[in-house]
Amino acid sequence: MSKLGTLGARLHRGEIGYDFVGKRKIWYGISILITITAILGLTVRGLNMGIEFQGGAVFTTTTKSQVSVTQAETFAQEASGHDAVVQKLGNGGLRIQIAGIDTDKSDAIKEKLASDLKMNPEKINADLVGPSWGDQIANKAWEGLAIFMVLVVIYLAIAFEWRMAIAALVALIHDITITVGIYALVGFEVTPGTVIGLLTILGYSLYDTVVVFDSLKEQTKGITKQTRWTYSDVADRSINSTLVRSINTTVVALLPVAGLLFIGGGVLGAGMLNDISLSLFVGLAAGAYSSIFIATPLVADLKEREPEMKALRKRVLAKRAQAAATGESLEPETSEPSYDDFEDATPAVVGPRNQPASRTRGRGRPSGKRR
């Protein structure tokens, strides 16, 4: 078995583990700092909205152009009076995007571009987007996001409980804020592809969170019947038992997205790939982080406020203090909780289960008279 597989098995059995929940204040602080940075990026720089949201025109040359991208940007700005984004296409042509212009002026801008580029106007295709259509797209995007959030909360509240629904919602908002904030800081253009990427990573983040919540739900059945673990202890074990799975899933998902972002968009210059690949890359990483460091610790915080869980914590801490004072050794805290552990407060079952195990000698033969 590989080292990672061995580590995952030991984490799942509870032989080793990291105190994620116990250090939750550190993770909360890091998340708050990152979120504030993202909000500042949105406030100061704002989002670079594409023409699908602002309205404008895209001019594409069908033949190879000898003009550089910088020169084409200058020609487009002079012809339209607006900032332009120019991309070099694989066939040597140019894609000139001008946002915020009046579509009635597109013919005049096209003629001026053809003159500056020394090209026949018939060799330039113009795609126009009206501002009203852009507003409709933006409104539909917000509506889709709001509906998604509501459905997530309802589903988690039914399948698990309302505390887990709140924790998952906070984690999703955390992921959206960070992803959108990085878009503002980097300056990448926001297109419908970006919205698709956001919805995709929200679904992935939710899946990762539900995996941990399902493990937590199973391991906390009957938790108040024992005095060895608090709710936070079991939550910590749930994270550790699914940690390697979360890491493997995230890495496998990030590798192809990284290829799109760094090779497709960076090396090959296919800038249109950046629209969706950046949101996927940042969102997948933020989703894995929030599932481990935000959602589950937040559930533990909310549950520990319940009277039953407060009483359980007092009993557990009292038992540990008594054991430490008397020198009694408790079972190692790294052992994995099971349903049998949650029955330690009930009377022992009489019968063969309580009889001492028979001694063995030799090569495993049971002791006693030989026949």
Side-chain angles (χ1 to χ4, degrees), residues 1-2 4-24 27-28 31 148-149 151-176 178-179 197-223 229 231-257 280-303 334 336-339:
M1 185 182 292
S2 64
L4 187 60
T6 303
L7 175 62
R10 296 183 66 193
L11 284 168
H12 183 74
R13 291 192 300 265
E15 296 175 3
I16 58 175
Y18 184 79
D19 189 11
F20 291 100
V21 177
K23 298 180 179 179
R24 56 187 176 273
W27 319 134
Y28 293 165
S31 296
F148 176 83
M149 292 291 193
L151 292 177
V152 164
V153 172
I154 294 175
Y155 167 76
L156 290 179
I158 295 174
F160 298 97
E161 59 172 299
W162 66 267
R163 295 170 188 81
M164 291 184 177
I166 291 177
L169 181 62
V170 171
L172 290 177
I173 295 174
H174 168 272
D175 298 342
I176 293 175
I178 291 178
T179 305
L198 280 174
L199 294 177
T200 302
I201 61 103
L202 290 180
Y204 176 87
S205 174
L206 181 63
Y207 164 79
D208 219 20
T209 302
V210 167
V211 168
V212 183
F213 283 179
D214 186 64
S215 174
L216 179 59
K217 179 182 178 181
E218 289 298 320
Q219 293 193 45
T220 53
K221 288 181 178 178
I223 189 174
W229 291 284
Y231 191 94
S232 295
D233 293 334
V234 180
D236 213 26
R237 298 174 199 280
S238 298
I239 298 175
N240 280 282
S241 65
T242 58
L243 182 62
V244 172
R245 176 180 177 178
S246 297
I247 293 174
N248 287 336
T249 306
T250 302
V251 171
V252 170
L254 282 177
L255 287 176
V257 176
L280 286 175
F281 187 83
V282 176
L284 288 174
Y289 171 86
S290 64
S291 299
I292 297 171
F293 298 97
I294 302 298
T296 308
L298 185 56
V299 170
D301 269 340
L302 294 174
K303 289 292 291 185
T334 55
E336 185 177 4
S338 63
Y339 295 120

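Sequence positions, counted from 1, serve as the residue numbers for this chain.
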First locate atom [atom1] of [X], then atom [atom2] of [Y], and finally report the distance between them rounded to the nearest 0.5 Å.
| X | Y | atom1 | atom2 | result |
| --- | --- | --- | --- | --- |
| Leu298 | Trp27 | CG | CH2 | 15.5 Å |
| Ile223 | Asp233 | CD1 | CG | 8.0 Å |
| Thr179 | Asp175 | OG1 | CG | 6.5 Å |
| Leu243 | Ile247 | CG | CD1 | 4.0 Å |
| Ile292 | Thr242 | CD1 | OG1 | 7.0 Å |

Subject >> Test side-chain contact (heavy atoms from CB on, under 4.5 Å) applied to Leu156 and Val210, step by step >> reply: CA-CA 8 Å; Leu156 290 179; Val210 167; 3.8 Å; yes
Locate the shortest heavy-atom distance separating [X] from [Y]; write the atom from each residue and the value.
| X | Y | result |
| --- | --- | --- |
| Pro297 | Arg24 | CB-CB, 3.7 Å |
| Leu172 | Leu206 | CD2-N, 4.4 Å |
| Asp236 | Phe20 | OD1-N, 2.8 Å |
| Phe213 | Ala295 | CZ-CB, 4.0 Å |
| Val21 | Ala300 | CG1-CB, 3.9 Å |
| Ala168 | Thr209 | CB-CG2, 4.4 Å |

With distance as the sole test, does [X] use its side chain to make a donor-acceptor pair with the main-chain N or O of [Y] at under 3.5 Å?
| X | Y | value |
| --- | --- | --- |
| Ser205 | Ile201 | no |
| Lys217 | Ala159 | yes |
| Thr249 | Arg245 | yes |
| Ser241 | Ser238 | yes |
| Ser215 | Val212 | no |

Original post:
Heavy-atom distance under 4.5 Å between the side chains of Phe148 and Leu198, does that happen here?
Top reply: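 A side-chain contact is absent here, since even the closest heavy-atom pair is not under 4.5 Å.
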Subject >> Close side-chain approach of Leu216 to Lys303, heavy-atom, < 4.5 Å >> reply: no
**OP:** Look at the aromatic rings of Tyr289 and His174 and report parallel, tilted or perpendicular, splitting at 30° and 60°.
**Re:**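 It falls in the parallel class, under 30°.
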Original post:
Does a side chain donor of either Tyr204 or Thr250 reach within less than 3.5 Å of an acceptor in the other side chain?
Top reply: yes
